[in-house]
Amino acid sequence: QAVRGRIVYDFSGNACEGYELHFRQVSELDSGEGKDVLSDLRSTTWEDGEAKRFRFNSENVINDKQTDTVDGSAERNVTAVAVDLTKPKSRKFTVPVNAVFPTEHMRRVILAAREGKSVLEFPVYDGSETGEKLYNTLTIIGRAIEPGQKPVTDAGAKIPELAKLTRWPVTISYFEQKDEKGEQSGEQTPVYAITFELYENGISRALILDYNDFTISGEMSSLEMKKAKPCK
């Protein structure tokens, strides 16, 4: 009946050291029957600057009880992306070589937006849920919002650098793949979709999460810019 919560992104790194993301999403779900569910999802990922190696670790706690733990890594070789899971169970498998990791996916979306492209399709491996899922993604990029157009009123308004950047409305739909060969299951309804405005430096705002049965909107409440680390 109602959902509220908070999402925190802590992103850092560079092309030499790789990119690290600490993510936390705390959600309180009201079923309307007097029973609230508190979900606390935490994850840490690292991706190298060449998009060849990816490490991931996550845990989900529901009502103070740990329900899911995922730990593993993935490495791209000439023919495939090899995944090595240690949690929730030990397993090795491969996904297609054209699958991209999350940071590389966002980088490609930004490049496509700058080039004026409006549609992108990539399989994405992000180590989410049990670590065994590969998603086909469809990205729709809207018309550019040039600097000075549609001024923002959220926390981004306090960062002068953002006002100088172009941003684009973006929707990414995630479709589940059923096998390790990367073939579509035939089910064309996305598992979920994310809509947001993407600045050309990778920061996003005006978040909408669409889970088919319900949607959640998120507003940027605070933003702290870290100092960029130059490559050595």
Side-chain angles (χ1 to χ4, degrees), residues 1-9 21-45 56-70 72 85 87-89 95 99-103 105-106 109 118-142 154-155 167-180 182-198 203-221:
Q1 197 154 38
V3 182
R4 65 175 183 172
R6 183 179 293 268
I7 296 175
V8 178
Y9 289 91
L21 171 65
H22 295 275
F23 170 90
R24 186 177 183 185
Q25 179 174 346
V26 178
S27 305
E28 184 178 351
L29 296 88
D30 180 2
S31 66
E33 300 174 354
K35 295 181 179 179
D36 291 346
V37 175
L38 185 65
S39 171
D40 188 350
L41 172 64
R42 307 183 190 195
S43 73
T44 300
T45 62
F56 52 93
N57 177 281
S58 67
E59 65 174 5
N60 194 19
V61 176
I62 296 180
N63 289 344
D64 295 325
K65 293 183 179 180
Q66 189 177 78
T67 58
D68 302 294
T69 303
V70 179
L85 280 181
K87 293 179 181 180
K89 58 183 178 181
V95 296
V100 299
F101 303 133
T103 301
H105 183 209
M106 196 57 60
V109 172
S118 58
V119 178
L120 275 182
E121 291 187 79
F122 287 111
V124 172
Y125 180 77
D126 60 8
S128 62
E129 296 196 33
T130 61
E132 299 183 17
K133 290 190 175 182
L134 177 70
Y135 292 99
N136 277 335
T137 64
L138 174 65
T139 302
I140 305 297
I141 304 170
D154 56 19
R167 66 186 196 271
W168 297 266
V170 174
T171 297
I172 305 177
S173 299
Y174 291 79
F175 301 84
E176 186 176 340
Q177 291 189 348
K178 294 298 184 181
D179 60 30
E180 295 172 10
E183 298 189 5
Q184 194 100 22
S185 66
E187 175 64 51
Q188 295 300 308
T189 302
V191 179
Y192 65 96
I194 304 175
T195 297
F196 51 93
E197 288 185 359
L198 177 65
I203 289 176
S204 60
R205 63 172 299 277
L207 177 68
I208 298 177
L209 305 174
D210 187 345
Y211 295 102
N212 295 320
D213 293 332
F214 62 94
T215 61
I216 305 173
S217 63
E219 178 179 328
M220 185 192 295
S221 58

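The first residue in the sequence is number 1, and the count goes up from there.
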Which value, rounded to the nearest 0.5 Å, describes the distance between [X] atom [atom1] and [Y] atom [atom2]?
| X | Y | atom1 | atom2 | answer |
| --- | --- | --- | --- | --- |
| I62 | L29 | CD1 | CG | 8.5 Å |
| F122 | T137 | CZ | OG1 | 7.5 Å |
| L209 | Q25 | CG | CD | 6.5 Å |
| T130 | L85 | OG1 | CG | 7.5 Å |
| E129 | S58 | CD | OG | 10.0 Å |
| I203 | M106 | CD1 | CE | 12.0 Å |

Would you say [X] and [Y] make side-chain contact, with heavy atoms under 4.5 Å?
| X | Y | result |
| --- | --- | --- |
| V70 | P88 | yes |
| N60 | S39 | yes |
| I194 | D210 | no |

At their closest point, which heavy atom of [X] faces which heavy atom of [Y], and how far apart are they?
| X | Y | result |
| --- | --- | --- |
| R24 | V26 | NE-CG2, 3.6 Å |
| A99 | L134 | CB-CD1, 4.0 Å |
| V3 | I216 | CG1-CD1, 3.8 Å |

Requested in this report: Applying side chain to side chain donor-acceptor pair (under 3.5 Å), run through T171 and T195 and close with a yes or a no.
Outcome: CA-CA 4 Å; T171 297; T195 297; 3.0 Å; yes
Query raised in the report: Given the rule in the side-chain contact (heavy atoms from CB on, under 4.5 Å) test, do V61 and T67 qualify, once you have shown the distances and angles that lead to the verdict?
Result: CA-CA 6 Å; V61 176; T67 58; over 6 Å; no
Query raised in the report: Y192 and F175: aromatic ring centres closer than 6.0 Å?
Result: no
Query - Option passing salt bridge (Lys or Arg N to Asp or Glu O under 4.0 Å) with E28 (candidates R6, K35, R4) - result: R4
When you measure from the side chain of [X] to the backbone of [Y], do you find a donor-acceptor pair of N or O atoms at a distance under 3.5 Å?
| X | Y | answer |
| --- | --- | --- |
| Y125 | G131 | yes |
| T139 | I172 | no |
| N63 | L38 | yes |

Query raised in the report: Given I7 and F23, is the side-chain contact (heavy atoms from CB on, under 4.5 Å) satisfied, shown in steps?
Result: CA-CA 7 Å; I7 296 175; F23 170 90; 3.5 Å; yes
Requested in this report: Begin from the C-alpha positions of V191 and Y135 and carry the test side-chain contact (heavy atoms from CB on, under 4.5 Å) through to its verdict.
Outcome: CA-CA 9 Å; V191 179; Y135 292 99; 4.3 Å; yes
Any residue meeting side-chain hydrogen bond (donor to acceptor under 3.5 Å, both in side chains) with [X], in chain and number order, not counting sequence neighbours:
| X | result |
| --- | --- |
| T103 | E47 |
| E59 | Q66 |
| Y174 | none |

Requested in this report: Determine, step by step, whether Y9 and L21 satisfy the side-chain contact (heavy atoms from CB on, under 4.5 Å) criterion, reporting the C-alpha distance in whole Å, the side-chain angles of both residues, the deciding distance to 0.1 Å, and the verdict.
Outcome: CA-CA 7 Å; Y9 289 91; L21 171 65; 3.9 Å; yes
Query raised in the report: Is the count of non-hydrogen atoms from other residues, nucleotides or ligands lying under 6.0 Å from N212 atom CG greater than 12?
Result: yes
